[in-house]
Amino acid sequence: MSKVKKKVKTIKIDLDKCNGCRACEVICSAFHANPKYSSNNPARSRIRMIREPIRDIYVPVYAGEYTAAECMGRDKYVIDGKEYSECGFCRASCPSRDAFKEPDSGLPLKCDMCEGEEEPLCVKWCLNDALICEEREEEVEEEEKLGDMEIGLESLANKYGLQNIADTVARMSKKE
Amino acid sequence: MRYGETGFNLEIDLSRGNIERVETDPRLTELHLGGLGTNAKILWDRVPPETEPFSPDNLLIFSTGLLCGTPAPGANRTIVTSYSPQTLLMGYSMMGGFFAPELKYAGYDKIILRGKSPDLVYIWINNDKVEIRDANHLRGKGAIQTSELIKQELNQPNAQVAAIGLAGENRVFTASIEQGRSSSSRLGMGAVMGDKGVKAIVVRGTKDVNLARPDEYIGLCNDVLKYIKFRGENPVPNVMTILQGLGSPQEMLHVDEQWHTENFSWGNARSRRKDFWTKEVEERWKDVQETVRTRLISCYNCPIKCGAIISVPGISTYMMKCFTKLTYTMAAFVDDLDFGFRIAQRATEYGVDGFSTPQIMAFAFELREAGILTEADFEGCPSDNEGKFFWLLDRIVRREGIGDILADGVYWAARKIGKGAEAFDHNTIKKHEQLPLKLGMLNPVYFLMYATGEKINITQIEGQFPQAPFATMEERQEFISDWIQCPDDKFKQIVLDWDFRGEHSNPYYPTVDMSVDIVDWQEKMHYIDDALGVCAGLSSFPLKPPYHMHNYPKFITAATGIDIDEDGLTEVYNRNRNLLRAINVRRGLRRADEKPPEDHWKKRFPELEEKLLDAYYKFKGWDNDGIPTKESLHKLGMDYVAEDLEQRGIIKNEQG
Ligand code: SF4
Ligand code: SF4
Ligand code: SF4
């Protein structure tokens with residue numbers, strides 16, 4: 001793979017400014033509905049608020065890469081007297097938990113920076129400036145973008161094996 | 001597919017432990033929109049007017065608004081409805097927070113509770129799975145504590161919990177339902193919940209809420225957000241600070257309380273302390289507030305931060321809504337704000353209305369001073385103002401001794417105590433405690449809102465029209481220049497002509513007819529908000545809000561596919577307003593009940609006040625006693641209401 005100069009968008013999260021409103025979840029789930037905006041369901045969002053007002057915990061977490069296997073680290077974090085398993089703040093869609101998975105299919109979700117939009121929509125809807133989009137130019141390896149379908153298939157392949165999926169697809173196509 | 005709404009209600013019979021998911025009639029949404037409107041319809045249809053609030057036949061309805069769960073900013077209200085133990089009329093109290101959207105995502109528009117559970121229970125709604133679970137281990141627990149315990153027990157950090165505290169369990173008439181950063185406080189909905197044996201309702205949902213015209217809808221939402229941003233950067237000039245912005249009054253943000261402490265009454269709505277706000281007080285109060293306030297927070301999908309997390313050292317953390325910070329402090333004549341934050345913590349855990357409860361306590365101490373209540377009633381009560389209030393709050397929520405009588409609120413307590421106690425009940429309307437305000441000159445618009453409002457909370461009736469005239473013509477012109485919310489130019493002219501003194505000033509200006517018009521507009525916006533589940537703080541309550549009469553029909557159409565314009569929306573409002581009135585009329589509400597407290601304004605104008613009421617009733621299509629006429633009910637397609645009222649002899653045959 002060759003190196004290319006590319007604008008990389010990142011989102012800076014300022015926890016101190018977050019008011020826990022979950023507007024970011026709302027717009028993300030609406031944007032990724034099919035057709036666009038046709039439904040709203042924060043459970044489909046690619047950003048998730050970890051929100052525990054009584055303990056003053058407000059952490060927006062973006063869905064990152066899909067992991068095929070559970071990680072080994074299961075450390076505990078203590079914040080302000082309360083214990084959290086590190087899973088709570090993990091960005092990965094992982095086989096051992098529900099976060100960042102489509103609620104009905106179980107397929108993994110990943111933040112795609114709102115492909116096609118001028119600005120990430122969660123950033124646009126966060127009027128409190130807890131989320132700020134930053135762009136910088138970086139030398140990155142050119143990579144092929146995986147579409148939603150591919151990400152989903154990849155996760156299925158990890159779970160069931162490519163052959164199994166191919167067989168299933170073949171069987172299903174016969175039925176039609 | 002149903003758009004905007006889910007099309008299903010959850011019906012739970014607590015006596016029999018029966019749970020049903022019931023499909024609703026989409027036609028009812030067209031007639032009443034949802035939220036308050038359809039709640040009223042259910043109450044009218046299914047709960048006979050003879051039903052006591054604490055009867056198993058009384059319903060307790062938790063409704064989402066029509067737009068809740070859609071991306072519309074601030075559409076997060078839960079409308080709780082039942083017959084109120086305090087007013088005996090229909091109670092409908094809103095709570096913000098996170099409950100209503102979650103309920104929609106679980107697949108329900110409403111939860112309708114009937115019957116009474118023999119044991120204390122909580123209800124756990126997890127999408128299609130609904131259970132009634134034992135709550136005996138939660139008996140006596142605080143409302144926030146309960147919510148935390150249940151989330152832990154179910155291992156559901158993302159569930160939303162609406163819970164009552166001890167006050168609700170003991171059917172204290174001012175008991176609230178606490179949820180997230182909000183509560184349903186007015187009209188004793190927490191008492192009805194306690195009477196039904198329900199400690200909490202827990203909900204978690206992961207389903208879709210669908211929109212009929214997605215692109216249009218998201219465009220409207222983006223406009224609203226843009227406008228909220230604009231208003232944040234451009235506060236309304238020439239009005240006092242708390243009226244400049246959006247949301248409910250930003251009590252957690254602002255520290256300057258000169259206006260409230262010097263203009264609102266202290267104690268049992270009696271005394272003004274006109275020189276209260278000194279430099280020392282200001283510094284001390286600012287320091288206290290900034291020390292205990294950990295963060296300003298919002299309700300679901302709203303950027304305005306009108307609530308706060310409050311952590312007072314030594315006691316558990318809680319969330320404070322706007323005004324409670326002052327109500328206890330001022331009722332108790334305590335000069336330190338620290339007391340307000342500490343007692344509000346206990347009151348929130350107990351789950352009581354922060355407007356009424358301090359008034360009841362101040363009333364009790366007034367009766368003791370007057371010798372109507374005796375030292376025996378207060379045995380063991382500390383003598384300092386702070387201690388006194390903590391002591392009495394504990395008695396009231398436990399219904400112990402004198403607390404048992406006071407737990408029914410000022411109106412009922414005064415009548416039970418007798419010996420002249422009724423004279424101290426001087427700040428209730430329709431048997432319910434009001435804002436502790438004593439004003440000078442009668443304001444005709446406010447007179448009507450106080451007298452005729454059935455929500456029993458002035459802040460949730462007033463709204464988009466200015467509270468007072470602007471001083472100069474330049475200011476007036478500036479105000480109307482970008483008043484896009486104004487539904488009709490006639491209101492702009494009133495703003496231009498309204499003066500502080502002379503011919504065009506209160507109480508004769510705005511004129512009787514103008515006053516009725518203004519009140520109708522403000523009421524209309526509140527009724528629509530309460531049907532749609534949009535926060536009044538972004539619509540009917542502040543000046544120049546993002547939601548108004550011109551964009552609401554577009555929101556409804558894009559969300560649901562129901563074709564509606566401004567006239568159509570006005571008709572739905574009139575239907576809901578008349579239905580609510582009919583429910584209350586059927587329960588005995590008449591003109592004689594529609595009066596503000598005697599000393600609410602120093603200067604009164606009995607003749608003018610009668611004229612205002614006459615004109616208001618006439619405008620509404622009601623008779624002189626405030627009863628909807630057969631003819632006006634017919635026009636709204638509500639002959640079934642007219643027939644019922646006729647059969648009961650409430651509408652006389654010759655009428656209409
Ligand atoms: S929109 Fe912003 S303020 Fe609201 S929850 Fe998301 S990050 Fe926090
Ligand atoms: S950038 Fe877009 S895809 Fe990513 S979390 Fe925000 S709204 Fe969702
Ligand atoms: S304006 Fe305030 S009360 Fe209304 S929804 Fe927003 S945060 Fe809640």
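Naming convention: chains lettered A, B, ... in sequence-line order (proteins, then strands); numbering from 1 in each chain. All values reported here derive from a predicted model rather than from experimental measurement. Values below: all heavy atoms of this structure, side chains included; hydrogens, waters and symmetry mates excluded.
If you tally non-hydrogen atom pairs under 4.5 Å between each of A:Pro53, A:Ala43, A:Ser39 and chain B, the highest count goes to A:Ser39. The most heavy-atom pairs under 4.5 Å with chain B, out of A:Lys36, A:Arg44, A:Glu25, come from A:Arg44. When each of B:Ser311, B:Gly69, B:Pro71 is checked for heavy-atom pairs under 4.5 Å with chain A, B:Pro71 comes out on top. Chain A forms the most heavy-atom pairs under 4.5 Å with one residue out of B:Leu211, B:Ile297, B:Ile218, and that residue is B:Ile218. Options B:Met319, B:Lys104, B:Arg181, B:Lys207 differ in how many heavy-atom pairs under 4.5 Å they form with chain A, and the most are formed by B:Lys207. Considering only heavy-atom pairs separated by less than 4.5 Å from chain B, the leading option among A:Cys24, A:Pro42, A:Ser29 is A:Pro42. Looking only at heavy-atom pairs under 4.5 Å with chain B, the residue among A:Asp56, A:Ile27, A:Asp104 that has the most is A:Asp56. Counting heavy-atom pairs under 4.5 Å between each of B:Cys302, B:Gly307, B:Pro73, B:Pro157 and chain A puts B:Cys302 at the top.
The number of heavy-atom neighbours closer than 6.0 Å to NZ of B:Lys226, taken from other residues, nucleotides and ligands shown, is 12 or below. Counting heavy atoms of neighbouring residues, nucleotides and ligands inside a 6.0 Å radius, atom CG of A:Leu162 does not exceed 12 of them. The 12-atom threshold is exceeded at CD of B:Glu290, counting heavy atoms of other residues, nucleotides or ligands nearer than 6.0 Å. Within 6.0 Å of CG on A:Asp98 lie no more than 12 heavy atoms contributed by other residues, nucleotides or ligands. The local environment of OH in A:Tyr160 is sparse, with at most 12 non-hydrogen atoms from other residues, nucleotides or ligands closer than 6.0 Å.
A donor-acceptor pair is defined here as one N or O able to donate and one able to accept, closer than 3.5 Å; such a pair exists between the side chain of A:Asn41 and the backbone of B:Thr206. In this structure, the side chain of B:Arg295 engages the main chain of A:Cys18 through a donor-acceptor pair within 3.5 Å.
Only the side chain of B:Tyr105 comes within less than 4.5 Å of a heavy atom of chain A; its backbone N, CA, C and O stay farther away. For A:Asn128, the part sitting under 4.5 Å from any heavy atom of chain B is the side chain, from C-beta outward, and nothing else. The contact between B:Phe98 and chain A is made entirely by side chain atoms (from C-beta outward), counting heavy-atom distances below 4.5 Å. Contact annotation for B:Glu216: neither backbone nor side-chain heavy atoms come within less than 4.5 Å of a heavy atom of chain A. Neither the backbone nor the side chain of A:Arg48 comes within less than 4.5 Å of any heavy atom in chain B. If you measure heavy-atom distances from B:Ile144 to chain A, the contacts under 4.5 Å come from the side chain alone. Heavy atoms of A:Ile54 lying under 4.5 Å from chain B belong to its backbone as well as its side chain.
Counting only heavy atoms from C-beta outward, the side chains of B:Asn158 and A:Arg51 never approach each other to under 4.5 Å. Side-chain contact between A:Asn19 and B:Leu296: absent, with no pair of heavy atoms (C-beta onward) separated by less than 4.5 Å. The shortest distance between side-chain heavy atoms of A:Val26 and B:Asn301 falls below 4.5 Å. A 4.5 Å side-chain heavy-atom check between B:Asp208 and A:Asn40 finds every atom pair outside the cut-off. Counting heavy atoms from C-beta on, the side chains of A:Tyr37 and B:Cys221 never come closer than 4.5 Å.
Using a 4.0 Å cut-off between a side-chain N of Lys or Arg and a carboxylate O of Asp or Glu, B:Lys151 and A:Glu52 do not qualify as a salt bridge.
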